[in-house]
There are 2 protein chains.
Amino acid sequence: MATGRTHRPATRSRGIPEATVARLPLYLRALTALSERSVPTVSSEELAAAAGVNSAKLRKDFSYLGSYGTRGVGYDVEYLVYQISRELGLTQDWPVVIVGIGNLGAALANYGGFASRGFRIAALIDADPAMTGKMVAGLPLRHTDELESIIEDNGVSIGVIATPAGAAQQVCNRLVEAGVTSILNFAPTVLTVPDGVDVRKVDLSIELQILAFHEQRKAGEEADLAQPDTDAPAAPPAATARTVPAEKRRPEPGSDGDIPAVMPA
Amino acid sequence: MATGRTHRPATRSRGIPEATVARLPLYLRALTALSERSVPTVSSEELAAAAGVNSAKLRKDFSYLGSYGTRGVGYDVEYLVYQISRELGLTQDWPVVIVGIGNLGAALANYGGFASRGFRIAALIDADPAMTGKMVAGLPLRHTDELESIIEDNGVSIGVIATPAGAAQQVCNRLVEAGVTSILNFAPTVLTVPDGVDVRKVDLSIELQILAFHEQRKAGEEADLAQPDTDAPAAPPAATARTVPAEKRRPEPGSDGDIPAVMPA
DNA sequence: ATGCCTTTGTGAACGCGTGCACAAAGACGG
DNA sequence: CCGTCTTTGTGCACGCGTTCACAAAGGCAT
């Protein structure tokens, strides 16, 4: 899960729980697929299977939007597509700027999933003057100097940050100052924003680290079958064993193998 | 939040809550930054601020790992970096394959955040024969035919899927069949996997849709100040008003504007 | 050695999210 | 018009996660 809202303790906006909102796009995608196959109606069971969730959860989610189903029949696909789209605000056009057109930024610019859902790339912005004017995904790169004017001229309220970590907060500040109130952050940094601004982050390396944890656990469980509690290989911090704070237990290369790959980010 | 574990109801693996695991990489990053600045110790308050979380939450998170702090002083940075790295399994090398080297796959291959944390790209795999052998990020593209042998030869247990949605499930099946037990999915599809396999998904368009929801809500709240309940513009499904299921309430272009951008994905 | 001051570690309460299980609602056939 | 059968919508209970608040622990100065 590369997600995680910043600020606001999962306030249910207008009665719709945050967790439900996060699933609506999932339902929408499944419904859209059904719509293309001209399927007229779906049961909660079918749709839940397609979206990979529990059917009771799905029904409860929809109940927050209203009573859009028909008992004994199911949900009208087209109608539901429209309702969810409207609820998510996809019936209107959202101009978006992408700041930082490196490998990732360029990939985002070329990503079809954005344009196809009512999101329109208003501009691609990069700080490198040498790149200015270059075409990416059919759009000319604009220089960071123009950031404020681009945002104001196009009424942009959503910004995507794909810069290196070091530049992210500065870019963020400028975006917010210029009027952006929603930010999708791909830079591996914690962004600080004023109240009223939503930040969602997508962190590729964090996702892998979480997978690594579970992967290690799986491997560990197998090992435990033969030798339980091989868990404290070289650092059992028995309260009494570490009274020297400055020299505590250093990584101590050995036993567990090599030193962790500690590097920037 | 481009996140979302599939399967398993947030089981706390080995006593460490899933939510805590998801934050450990965040702490690790903050600690690494401190380590580079040669800061010897941090208080939970400082570190929490750097990681963007509540300090009580951070302390509780660390308490699951053990008692690694010193009261009145704080946490030893180096020591904690090591402990978290070990807990996350970053003290070992994880070979990873990336399948689907389009814009996004190439960006991932070039992303430094992977290699720097103990993740080594074992191979880049693409289905297009014309691409085979081409160099990306210093590695030669391999053809999908080699997928199984690559995984077995390198002992790969983590796979990254960056293919189009249509190919994702097939690729997933082959990965799992070949021995991969953790998958990071960038394709906009729900993957079905057997028990014991972890899937995390990163979905760029879903993140934007969630932001759009909140953005719309913000705009709506302002409007409500002048005219409350401008909420049911064209579809108040009063149970009695819609008895014809097949013809229910069509998007009905008008009133709300245009038809939602319903498209593939 | 003693006392003060800082900071950790955690017990307990609260709230959100999930899933079960069922009653109500409606379609459909006779 | 009535009975049956399907599927929704939801009341309820449970469990995870978050947060508060505080006692215990240790450093440090005197």
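Worth saying up front: this structure is predicted, and the values here are computed from it rather than measured. Every chain is numbered from 1 and lettered A, B, ... according to where its sequence line falls, protein lines coming before strand lines.
Across the protein-nucleic acid pair, A:Leu80 atom CG and D:dT8 atom P stand 11 Å apart, rounded to whole Å. Going from atom CG of B:Asp76 over to atom P of C:dT7 covers 16 Å, rounded to whole Å. Here the C1' atom of nucleotide D:dT6 and the CZ atom of A:Arg59 are 12 Å apart, to the nearest Å. In this structure, B:Phe62 places its CZ atom 17 Å from P of D:dG17, rounding to the nearest Å. Remark: C1' of D:dT8 and CG of A:Leu65 are 14 Å apart, rounded to the nearest angstrom. A straight line from CG of B:Leu58 to C1' of C:dT7 spans 13 Å, rounded to a whole angstrom. Straight-line distance from the CD atom of A:Glu46 to the P atom of D:dT7: 8 Å, rounded to whole Å. Atom-to-atom, CG of A:Asp61 to C1' of C:dC16 comes out at 13 Å; the value is rounded to the nearest Å.
Taking the centre of each ring, B:Phe62 and B:Tyr75 come in below the 6.0 Å mark. Taking the centre of each ring, A:Tyr111 and A:Phe114 come in below the 6.0 Å mark.
Within the 4.0 Å cut-off from OP1 or OP2 of C:dT8, at least one side-chain nitrogen or oxygen of B:Ser44 is found. For the OP1/OP2 pair of D:dT18 and a distance below 4.0 Å, the side-chain nitrogens and oxygens of B:Arg23 include at least one atom meeting the criterion. Between B:Asn54 and the phosphate of D:dC20, there is a side-chain N or O to OP1/OP2 separation shorter than 4.0 Å.
Listed by chain and residue number, A:Gln169 satisfy the side-chain hydrogen bond (donor to acceptor under 3.5 Å, both in side chains) test with A:Asn173 (two or more places apart in sequence, or in another chain). For A:Arg59, there are no salt bridge (Lys or Arg N to Asp or Glu O under 4.0 Å) partners at least two apart in sequence or on another chain. Looking at residues two or more places apart in sequence or on another chain, you find a side-chain hydrogen bond (donor to acceptor under 3.5 Å, both in side chains) between A:Thr20 and A:Asp61. Taking the salt bridge (Lys or Arg N to Asp or Glu O under 4.0 Å) definition, one finds that A:Glu215 meets it with A:Lys218, sequence neighbours left out.
Comparing A:Gly72 and A:Thr20, the nucleotide of DNA chain C nearest to each residue sits closer to the 5' end for A:Thr20.
On a pure distance criterion of 3.5 Å, a polar donor-acceptor pair joins the side chain of A:Arg71 and the base of D:dT8.
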Could you list all N or O pairs between the protein and nucleotides 28-30 of chain D that sit under 3.5 Å apart?
none

Atom pairs under 3.5 Å: protein N/O with N/O of nucleotides 11-15 of chain D:
from   : atom 1 : to      : atom 2 : distance (Å)
D:dG11 : O6     : A:Lys60 : NZ     : 3.2
D:dC12 : N4     : A:Lys60 : NZ     : 3.2

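Two residues are said to be in side-chain contact when any heavy atoms from C-beta on lie closer than 4.5 Å; A:Leu208 and B:Arg117 fail this criterion. Between A:Leu211 and B:Trp94, every side-chain heavy-atom pair lies at or beyond the 4.5 Å cut-off. Side-chain contact check for A:Asn185 versus A:Val190: every heavy-atom pair is 4.5 Å or farther apart.
Closest to the side chain of B:Pro17, from the set C:dG17, C:dG9, D:dG17, is D:dG17. Taking only side-chain atoms of A:Ser43, from C-beta outward, the nucleotide of D:dT8, C:dG17, D:dT19 with the closest atom is D:dT8. Closest to the side chain of A:Tyr75, out of C:dT8, C:dC20, D:dT8, is D:dT8.
Side chains of B:Thr32 and B:Glu36: a donor-acceptor N/O pair is absent below 3.5 angstrom, by distance only.
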